[in-house]
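In what follows, a single structure is set out as structure tokens and then discussed.
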Protein chains: 2
Amino acid sequence: MARPKIDDSEARARIAAAAEELFADRGYGETAIRDIARKAGVNAAMIHYYFGSKEGLYKSILEGAASKVRALLVQTVSGPASTKERLAQFVDSYAAYILSHPNLARILYREMLTGGEHLMRIAQQYAVTNYTILKDTIFEGIRTGELRPIDYELAPISLMGMVVIFQFLRPIISAALVTTKYDERFVNRIASHTIDLFFNGAGSSGGRSKEPATSPGRKKPGAKRGAKVR
Amino acid sequence: MARPKIDDSEARARIAAAAEELFADRGYGETAIRDIARKAGVNAAMIHYYFGSKEGLYKSILEGAASKVRALLVQTVSGPASTKERLAQFVDSYAAYILSHPNLARILYREMLTGGEHLMRIAQQYAVTNYTILKDTIFEGIRTGELRPIDYELAPISLMGMVVIFQFLRPIISAALVTTKYDERFVNRIASHTIDLFFNGAGSSGGRSKEPATSPGRKKPGAKRGAKVR
DNA sequence: ATTATTTAATCAAACGTTTAATTAACCAGG
DNA sequence: CCTGGTTAATTAAACGTTTGATTAAATAAT
């Protein structure tokens with residue numbers, strides 16, 4: 001009814017929000033542009049007016065998601081902290097991001113599964129950036145003796161997998177596996193567990209600390225758990 | 001041209017094979033039934049003749065994939081071996097499965113991302129079975145002192161994630177991350193690294209064995225690496 | 001009055017599906 | 001061994017629907 005004109009946000013933002021949710025839920029091919037319009041409460045033609053095409057809308061969302069993740073990662077793993085602290089911070093931030101942007105994450109994961117055309121460029125750029133940062137960090141940790149001489153080419157992928165899986169299987173996990181809501185507390189538990197498992201392993205041969213199973217007890221002094229992810 | 005009648009396999013099998021590949025590559029919604037027919041070299045009506053509908057074809061493929069994985073897992077983690085050996089065997093078998101059935105795995109992963117309708121039942125059943133087996137195994141390992149008291153509810157998910165990620169990111173990994181082909185040798189390296197990391201962790205605080213980084217050195221005597229997965 | 005925004009109506013193309021007809025294999029009875 | 005009828009396998013053509021996209025007109029803002 002009202003015709004704001006003030007800025008290009010009102011309808012455009014609602015379209016982007018509706019599209020993000022539907023693309024995440026159903027994927028690109030099974031999301032009709034009319035469904036997006038209905039959910040956003042606008043006419044279908046507005047989508048072409050603002051985004052040019054269905055693919056333009058999709059790319060716009062994708063671009064935003066990837067750049068957000070990239071920025072998050074770069075600012076997270078940098079800094080003068082120790083290797084372990086930097087890796088722990090990566091896990092914390094990544095897990096927190098998963099909580100606050102589940103739809104963007106799912107869209108990215110779908111794209112990675114496909115691996116094709118649309119954004120092999122952007123998904124690749126996103127994944128390669130993360131990978132390289134983590135690999136260099138781990139390699140440096142091994143060099144200084146802070147880490148064991150593990151397979152530093154594969155270890156970053158493993159670490160990403162340990163975090164990603166909790167968003168990847170989220171529908172199943174929250175429905176049938178663990179009797180918990182996916183709230184901030186649970187995400188903190190995921191991060192603590194992941195860090196503990198990655199650094200200390202599951203084997204008892206070394207005789208490590210024996211903290212109770214699900215307690216979120218990790219030291220890391222000034223750590224703001226599940227903190228700002230924007 | 002030939003009209004075999006002998007059994008219903010010839011065309012039906014070609015349809016299933018073509019559909020499996022296309023569904024894995026593009027997903028359900030972006031795969032046209034005509035494309036499947038063209039790739040299989042049959043008429044589009046044959047798909048309805050054999051499978052009733054597009055969804056019937058998809059469900060048929062999905063069912064087969066899930067039951068295969070389920071059978072693989074059940075027979076793998078059972079047996080009188082120790083906890084560590086059983087978990088290691090799970091990783092070996094799962095990684096080998098990934099190598100030999102990448103398309104089925106990708107279809108299952110897509111379904112898990114969606115989490116909806118189609119087979120929330122079957123995907124859930126598949127995942128819950130895996131999860132329960134692993135959880136019980138890990139819990140038992142903790143009880144006997146073979147494992148540290150880690151978060152045994154989350155640990156199975158982490159372990160699955162450490163394996164799944166290598167199929168999940170496969171296009172990106174083989175294209176830009178690790179300069180290796182996805183052959184049996186690489187899958188063995190993945191399995192060795194995963195087992196090493198899961199049991200021993202990346203930290204050096206405990207003073208564990210110091211085998212060189214990418215060497216596939218794990219003892220596990222009669223282990224047939226990347227063995228029969230059918 | 002002019003521009004920017006939104007709408008309803010409409011388009012050709014592509015979709016999954018159905019139908020009717022055709023072809024090859026099988027199996028009687030002669 | 002033929003032969004005619006039955007059945008299963010396969011095809012080409014068309015169906016109705018939905019899709020992404022476009023347009024011309026209407027409405028609001030400047």
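Below, chain A is the first sequence line, B the second, and so on; all start at residue 1.
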> Out of C:dT17, D:dA21, C:dT6, which has the shortest distance to the side chain of A:H48?
Replying inline: D:dA21
>> Can you see whether B:Y49 has B:R12 sitting over its ring - NZ or CZ less than 6.0 Å from the centre and within 45° of the normal?
In response: no
> Quick one: A:I47 CD1 to C:dT7 P, roughly how many Å, whole number?
Replying inline: 12 Å
> Between atom CD1 in B:I33 and atom C1' in C:dT18, what is the gap in whole Å?
Replying inline: 12 Å
>> Nearest whole Å is fine: how far is D:dT19 C1' from A:D35 CG?
In response: 11 Å
>> If I take atom CZ in residue A:R34 and atom C1' in nucleotide D:dA21, what distance separates them, rounded to the nearest angstrom?
In response: 9 Å
> Would you say D:dA12 has OP1 or OP2 under 4.0 Å from some side-chain N or O of B:N43?
Replying inline: yes
> What's the OH-C1' distance between A:Y50 and D:dA21, to the nearest Å?
Replying inline: 18 Å
> Which of the following nucleotides, D:dT19, C:dC15, C:dT7, is nearest to the side chain of A:A32?
Replying inline: D:dT19
>> Side chains of A:E111 and A:Y58 only: does a donor on one sit below 3.5 Å from an acceptor on the other?
In response: yes
> So does B:R86 pair up with B:E140, basic N to acidic O under 4.0 Å?
Replying inline: no
> Between A:F186 and A:Y182, how do the two ring planes meet: parallel, tilted or perpendicular, split at 30° and 60°?
Replying inline: perpendicular
> How many Å lie between CE on B:M46 and C1' on C:dT23, as a whole number?
Replying inline: 12 Å
> The side chain of A:A45 lies closest to which of these nucleotides: D:dT10, D:dT23, C:dG16?
Replying inline: D:dT23
> Quick one: A:F51 CZ to D:dG20 C1', roughly how many Å, whole number?
Replying inline: 16 Å
> Between atom CG in B:L22 and atom P in C:dC15, what is the gap in whole Å?
Replying inline: 12 Å
> Below 4.0 angstrom from OP1 or OP2 of C:dT5, is there any side-chain N or O of A:Y49?
Replying inline: yes
